[in-house]
Protein chains: 2
Amino acid sequence: MTRVLIVDDEPQILRALRINLTARQYEVLVAADGTAALQVAAHDRPDLVVLDLGLPDLDGVEVIRKLRTWTPVPIIVLSGRVGSSDKVDALDAGADDYVTKPFNVDELLARIRAVTRRQGGAEPTAPVRIGRFTIDLAARTAVADSGESVHLTKTEWHLLDILVRNPGALVTQRYLLQQVWGPTYLHETHYLRQYLAQLRRKLEYDPARPRHLLTEPGMGYRYAP
Amino acid sequence: MTRVLIVDDEPQILRALRINLTARQYEVLVAADGTAALQVAAHDRPDLVVLDLGLPDLDGVEVIRKLRTWTPVPIIVLSGRVGSSDKVDALDAGADDYVTKPFNVDELLARIRAVTRRQGGAEPTAPVRIGRFTIDLAARTAVADSGESVHLTKTEWHLLDILVRNPGALVTQRYLLQQVWGPTYLHETHYLRQYLAQLRRKLEYDPARPRHLLTEPGMGYRYAP
DNA sequence: CCTGATCTTGATGACTTCTTGACGACGTCC
DNA sequence: GGACGTCGTCAAGAAGTCATCAAGATCAGG
């Protein structure tokens, strides 16, 4: 049974989520502030954390950092502020996904499923599909159903690798730039646009309307399986 | 019964893995440092090695290299370091998979299953075709349809061997250099160009437009069946 | 010690990939 | 409705990588 820790200081949100998650066979733990959240997480070892960034005692990003010092438990962030850099900071600190308040419960449930699914039995080198292509990250091959294969460059593979290894999750621009080009390129978002366009052109059915390599404006990119 | 050697200097990790693996019908061997690991591996011939990179005596990558001088046993690396260069070094040295600490036990078990499964199914020495030649890696022969045979040197065989044993997959320059010339030649990409040209000249129909021994610029080479 | 094969090293032109700049489309905020 | 910032796209020069030819160094066998 999947155990979910919900961290929020608004009682009505706690209540709504508890009802919805319990009804779907999740075991629900709750905490109303950051200190309590850290204690409960350490004591009860949840399989997933849903964390509101606006807590009364600690900064939400700080809670993520503290959790990440000892556990890789998936964290989904709830945030009230739209377009603020808090969310990017949270993702960079190690959160797995974010949902903006007011949020749709179905969307949150979908993200919870995506994140827990990834956690469990993800075979390291199972091929994934994008458009009409089957991508094998280990062998570095991208083969169409027709049999013909597409050639990707080193940088293209590197980017695709990171996105595909985090299926369904939002990956920040900062993280991608950091991983692929190094810490001195953190603001060269142009590179990302350039290479994402290239990947879409090579892999997506309709590069102008991507279905798998999605842009999250202002934040980053997401691979949708 | 699958025999697993666990190499880690933290007693609690040894203990946790021993319990989990024993419960799943694995036979478990343990070693707390690199020297002991090499001895146990040589003496008891495990079917799989789970190796922590941070050992008290030897560097983990060094342990991998030493193992790889005499055995193709699958190696799964555990590491607290998240940097991608550590990962690349370990994989290039011959590791089969890589898990970052803190790790999820279920994930590790899944990777153990994946790696041992992969082990079983690989036919090592079926003859393959390149150009008009039939290559038998076991017998070290390359015979044309007309009956005449081509002579390949030791180094040429070694390179061809690695490429052909990974059909369709990209093999990195680092890996080839590491395997054929050793760890001190990791940047001598000129050797690769030289010998790949030689192989193409001897085996391909049109050496200038190879159909089986393909270059992946900036990354490595690939044998296309 | 000599000879032929193999390995190593150097130089050059061709090619691929990376980087950079410019511009229009879209959405947001004032 | 207009200014602003972000995104997607096209295009071309810069940088890096590769294939090939060629010659010197090294090694093994006779």
Please determine if a side-chain N or O atom of [X] lies less than 4.0 Å away from the OP1 or OP2 oxygen of [N].
X: Tyr191(A); N: dC18(C); answer: no
X: Gln198(A); N: dC18(C); answer: no
X: Trp181(A); N: dC18(C); answer: no
X: Tyr221(B); N: dA19(D); answer: yes
X: His151(A); N: dT17(C); answer: yes
X: Thr153(A); N: dC18(C); answer: yes

What nucleotide, of [options], holds the atom closest to the side chain of [X]?
X: Tyr195(A); options: dC18(C), dC7(D), dA19(D); result: dC18(C)
X: Thr215(B); options: dT16(C), dA19(D), dG10(C); result: dA19(D)
X: Arg200(B); options: dA19(D), dC7(C), dT16(C); result: dA19(D)
X: Arg193(A); options: dC7(D), dC18(C), dC18(D); result: dC7(D)
X: Gln194(A); options: dC10(D), dT20(D), dT8(C); result: dC10(D)

> Side-chain donor-acceptor pair under 3.5 Å between Arg15(A) and Gln12(A), yes or no?
Replying inline: no
>> Whether the Asp47(A) and Thr2(A) side chains hold a donor-acceptor pair (N or O, under 3.5 Å, no angle test) is what I'd like checked.
In response: no
[X] [atom1] to [N] [atom2]: how many Å, rounded?
X: Leu159(B); N: dT8(C); atom1: CG; atom2: P; answer: 11 Å
X: Glu204(B); N: dT20(D); atom1: CD; atom2: C1'; answer: 16 Å
X: Asp206(B); N: dA19(D); atom1: CG; atom2: P; answer: 13 Å

>> How close do Leu214(A) and Pro210(A) get, counting heavy atoms only, and between which atoms?
In response: CD2-O, 3.4 Å
> Closest approach of Leu53(B) and Ala90(B), non-hydrogen atoms and distance?
Replying inline: CD1-CB, 4.5 Å
> With a non-hydrogen cut-off below 4.0 angstrom, is Glu156(B) in contact with a base, only sugar-phosphate, or nothing?
Replying inline: nothing
> Taking for each residue the nucleotide of DNA chain D with the nearest heavy atom, is it Lys154(A) or Thr189(A) whose nucleotide lies nearer the 5' end?
Replying inline: Thr189(A)
> For atom CZ of Arg129(B), is the number of surrounding heavy atoms from other residues, nucleotides or ligands below 6.0 Å larger than 12?
Replying inline: yes
